[in-house]
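Just so we're clear, the structure is a prediction, and the values are computed from it rather than from any experiment. The analysis underlying the following values was restricted to heavy atoms, covering all of them including side chains, and did not include hydrogens, waters or symmetry mates. One is the number of the first residue; the rest follow in order along the sequence.
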Amino acid sequence: RALPALLRSSVNPALGPTSGATSVTISGEGFEQNDDLVCTFGHSAPAVAATWLSSTALRCDSPPAGGAGVVDLLLSGRGVSAAAAAEFEYYAPPRIERTTPTHGPAVGGTLVLVSGTGFVVDAPAAMCRFGADAVVPAGSVPAATTVLCQAPSHKAGEVTVEVTMNNVDFTSDGVRFTYGAAVAVHAVSPYSGPVSGGTVVRVHGEHYTADAALACRFGGASVSPAVF
């Protein structure tokens, strides 16, 4: 009997890196438990074994691909003729180069710009991971070189930041982000100056760090670079 074609939304995730090994779940109905079910990612790719999970779900691990692009995900096996279950998109494995800023308060909330290569623009399942298990949805993936993340709360210390485009396959580049005490401002001197600007202001407080991103903001005005 032929397996009915399934919707794209029945494959999770619907994309993965060309390096392969993405664990893909295919949801449907009427799957029979047997050892002959296989998945093929693209018409010319070698078949990989499908693991039967239930009558409504199978799991396949994507094989490596020769390049990025969309392929048909095919199912075949005893009692099932080859049928396109959905489309699966391969993308080049992303890499992280740096984060801006490189640190933030332990209470979280820092908007972190992750710079790198190979990010999938507008990937709906893009996520950011701070440390071993603090995973949060990416704010956006506006470009192939940029992911925006809002740092979650975390105990003070250094962690690695990694991203995923499909909520399964994370990068492993080990770029560091440091959590510390929240910056506090206690006083400024002088406390007034001309509307024309240009007044050099000393800001007194605690937990400042020497960083190229250090800056001051006066009300709703534009941000001015600060000197540590």
Does [X] reach the side chain of [Y], with side-chain heavy atoms less than 4.5 Å apart?
X: Val147; Y: Cys149; answer: yes
X: Phe88; Y: Val24; answer: yes
X: Pro94; Y: Thr117; answer: no
X: Cys39; Y: Ile26; answer: yes

Heavy atoms only: give me the nearest [X]-[Y] pair and the separation to one decimal.
X: Gly104; Y: Thr110; answer: CA-OG1, 3.6 Å
X: Ser153; Y: Val107; answer: CB-O, 3.5 Å
X: Gln150; Y: Gly109; answer: NE2-O, 3.5 Å
X: Ala151; Y: Val112; answer: CB-CG2, 4.2 Å
X: Ala156; Y: Gly180; answer: CB-CA, 4.4 Å
X: Val175; Y: Thr99; answer: CG1-CG2, 3.9 Å

Table please: side-chain donor-acceptor pairs of residues 184-191 below 3.5 Å, with sequence neighbours left out.
from: His186; atom 1: NE2; to: Glu206; atom 2: OE2; distance (Å): 3.1
from: Ser189; atom 1: OG; to: His204; atom 2: NE2; distance (Å): 3.2

Start with the C-alpha distance between Ser27 and Asn12, add both sets of side-chain angles, then the distance that settles side-chain contact (heavy atoms from CB on, under 4.5 Å), and finish with yes or no. CA-CA 8 Å; Ser27 300; Asn12 183 39; over 6 Å; no
side-chain hydrogen bond (donor to acceptor under 3.5 Å, both in side chains) with [X]: which residues, sequence neighbours excluded?
X: Ser192; result: none
X: Asp61; result: none
X: Thr164; result: Asn166
X: Arg176; result: none

With sequence neighbours excluded, residues passing side-chain contact (heavy atoms from CB on, under 4.5 Å) with [X]:
X: Ser19; answer: Pro17, Pro93
X: Thr146; answer: Leu113, Pro142, Ala143, Leu148
X: Ala182; answer: Pro105

With distance as the sole criterion, is a donor-acceptor pair present between the side chains of Glu162 and Thr171 under 3.5 Å? yes
By the ring-ring contact (aromatic ring centres under 6.0 Å, His included) test, which pairs, at least two apart or in different chains, include something from residues 136-171? His154-Tyr179
Enumerate the ring-ring contact (aromatic ring centres under 6.0 Å, His included) contacts for residues 103-125, please, sequence neighbours excluded, ordered by first and then second residue. none
Tell me which donor-acceptor pairs under 3.5 Å the side chains of residues 125-140 have, and how far apart each pair is, sequence neighbours excluded?
none

Pair Leu37-Leu75, side-chain contact (heavy atoms from CB on, under 4.5 Å): steps then yes or no: CA-CA 7 Å; Leu37 289 172; Leu75 295 175; over 6 Å; no
Side-chain heavy atoms nearer than 4.5 Å, only ILVMFWY residues, links allowed to pass through others: does that put [X] and [Y] together?
X: Val203; Y: Val227; value: no
X: Leu214; Y: Val183; value: yes
X: Phe228; Y: Val201; value: yes
X: Val114; Y: Val121; value: no
X: Val71; Y: Val11; value: yes

Determine whether Thr25 and Leu58 satisfy the following criterion, side-chain contact (heavy atoms from CB on, under 4.5 Å), listing intermediate values before the conclusion. CA-CA 6 Å; Thr25 300; Leu58 303 173; over 6 Å; no
Do Tyr91 and Thr18 pass the side-chain contact (heavy atoms from CB on, under 4.5 Å) test, and can you show the C-alpha distance, the side-chain angles, and the key distance before you say yes or no? CA-CA 6 Å; Tyr91 56 84; Thr18 54; 5.9 Å; no
Considering only distance and modelled atom types, tabulate donor-acceptor pairs under 3.5 Å from the side chains of residues 42-52, sequence neighbours left out.
from: His43; atom 1: NE2; to: Asp72; atom 2: OD2; distance (Å): 3.2
from: Trp52; atom 1: NE1; to: Phe31; atom 2: O; distance (Å): 3.1
from: Trp52; atom 1: NE1; to: Ser54; atom 2: O; distance (Å): 3.1

